[in-house]
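I have placed the structure first, in the form of structure tokens, so that the comments after it can refer back to it.
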Amino acid sequence: MCLFVAAFVAGYAQERDREQSLPDGIVKHADIVYASIEGRDLVLDVYAPKSRPAELIPVVVWVHGGGWRGGSKDGIRRSVPILSHGLGLVSVGYRLSGEAKFPAAIADVKAAIRWVRANASRYGFDPDRLGAWGSSAGGHLVALLGTAHEVAEWDSMHEENAGVSSRPTAVCNWFGPTDFLRMNDFPGRIDHDGPDSPESLFIGVPIQENPDKTQRANPIRYVTADDPPMLHMHGEKDGSVPYNQSELLHAALEKAGVESDLYMVKNADHGFRNMEGDTPESLMERVRDFFDRTLQSP
């Protein structure tokens with residue numbers, strides 16, 4: 001693995017596989033196949049109440065980070081606290097850039113959303129109250145879910161649950177990239193324009209030499225007034241994904257009249273390391289409040 005990618009993926013150490021205790025009454029349904037492509041099964045994990053709730057509950061789909069090249073659906077340490085607040089959780093595995101290039105990952109995640117919506121009631125989930133939440137590369141993918149929900153080309157890459165909507169009800173983007181071509185506008189630890197950068201490996205070509213192809217992965221390109229509400233949380237001193245990446249998307253959403261909230265985590269580097277004035281609990285409370293509000297019963 002090249003130096004730039006190694007540095008980028010290292011920022012996700014907190015996301016890697018770890019044994020995770022679940023709240024009482026929650027059961028894990030592991031490695032459920034949500035789609036298959038070229039003989040490859042794509043799988044997700046469902047965390048749901050052991051006893052079916054009297055009323056359907058909201059569900060949040062977690063998309064892991066890892067520079068689009070690493071990470072795992074098993075890395076739920078950051079997202080699992082949502083289960084203690086009356087929401088279900090689904091963690092999605094998707095094809096990484098070493099296996100398939102853009103738009104494979106977003107096509108996979110859209111297929112996962114369709115599967116969750118089609119099978120929600122089986123686990124006591126409400127298909128009409130479906131949030132998407134991701135960190136870094138996962139933040140990029142959930143932002144793209146929110147703004148590019150109408151891109152039928154990506155939905156058609158998987159035939160499973162065709163016709164079911166892949167539009168999330170609400171999106172929480174944690175320090176995700178947006179406009180790859182502007183990431184080097186700010187000093188950081190990665191040369192994002194390099195041919196071996198996480199972004200170039202994700203797209204499949206050096207990004208600055210292929211701006212049109214690169215901009216197809218930019219969530220800002222697809223912003224329209226009917227996009228779901230979004231919460232962006234980003235470290236002030238993020239050395240892997242500049243804070244400006246969230247500013248750009250937030251500004252585009254506000255201009256289109258979409259509900260968007262941008263929260264700066266003071267002094268924080270990538271993954272909210274070295275944050276000041278916040279704690280993991282305070283960040284989780286902000287996420288919980290966002291989903292409580294946006295996924296409330298109609």
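- Pairing each heavy atom of Ser240 with each of Met183, the nearest pair is O-CE, 3.9 Å.
- A salt bridge does not link Asp289 with Arg286: none of the charged nitrogens is closer than 4.0 Å to a carboxylate oxygen.
- Between Tyr263 and His232, the ring center distance fails the sub-6.0 Å criterion.
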Inset, instruction - Could you walk me through whether Asp45 and Lys73 pass salt bridge (Lys or Arg N to Asp or Glu O under 4.0 Å), step by step? - result: CA-CA 7 Å; Asp45 297 335; Lys73 67 177 175 58; 2.9 Å; yes
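- A donor and an acceptor atom, one from each side chain of Thr178 and Gln245, are located under 3.5 Å apart.
- Taking the centre of each ring, Tyr123 and Tyr47 stay at or above the 6.0 Å mark.
- Leu262 and Leu231 end up in different hydrophobic clusters when Ile, Leu, Val, Met, Phe, Trp and Tyr side chains are linked at under 4.5 Å.
- A salt bridge is absent between Lys266 and Asp278: the closest approach of a Lys/Arg side-chain nitrogen to an acidic carboxylate oxygen does not fall below 4.0 angstrom.
- With no hydrogens or angles considered, a side-chain donor-acceptor pair links Asn184 and Asp191 at under 3.5 Å.
- Ring pair His64/Tyr94: centre-to-centre distance below 6.0 Å.
- When side chains are defined from C-beta on, Thr147 does not count as touching Ile220, because their heavy atoms never get closer than 4.5 Å.
- With respect to Asp108 and Arg95, a salt bridge is recorded, a charged nitrogen being found less than 4.0 Å from a carboxylate O.
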Inset, instruction - Apply salt bridge (Lys or Arg N to Asp or Glu O under 4.0 Å) to Arg293 and Glu259, showing your working. - result: CA-CA 12 Å; Arg293 179 173 54 79; Glu259 178 187 337; 2.4 Å; yes
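- Residues Tyr222 and Trp154 bring their aromatic ring centres within 6.0 Å.
- Using a cut-off of 4.0 Å between Lys/Arg side-chain N and Asp/Glu carboxylate O, Lys237 and Glu276 are scored as not salt-bridged.
- For His140 and Trp68, the gap between ring centers is short of 6.0 Å.
- Side-chain atoms of Leu56 and Arg52, non-hydrogen and from C-beta on, do get closer than 4.5 Å to each other.
- In the model, Asp41 has a side-chain atom that pairs as donor or acceptor with a side-chain atom of Ser36 under 3.5 Å.
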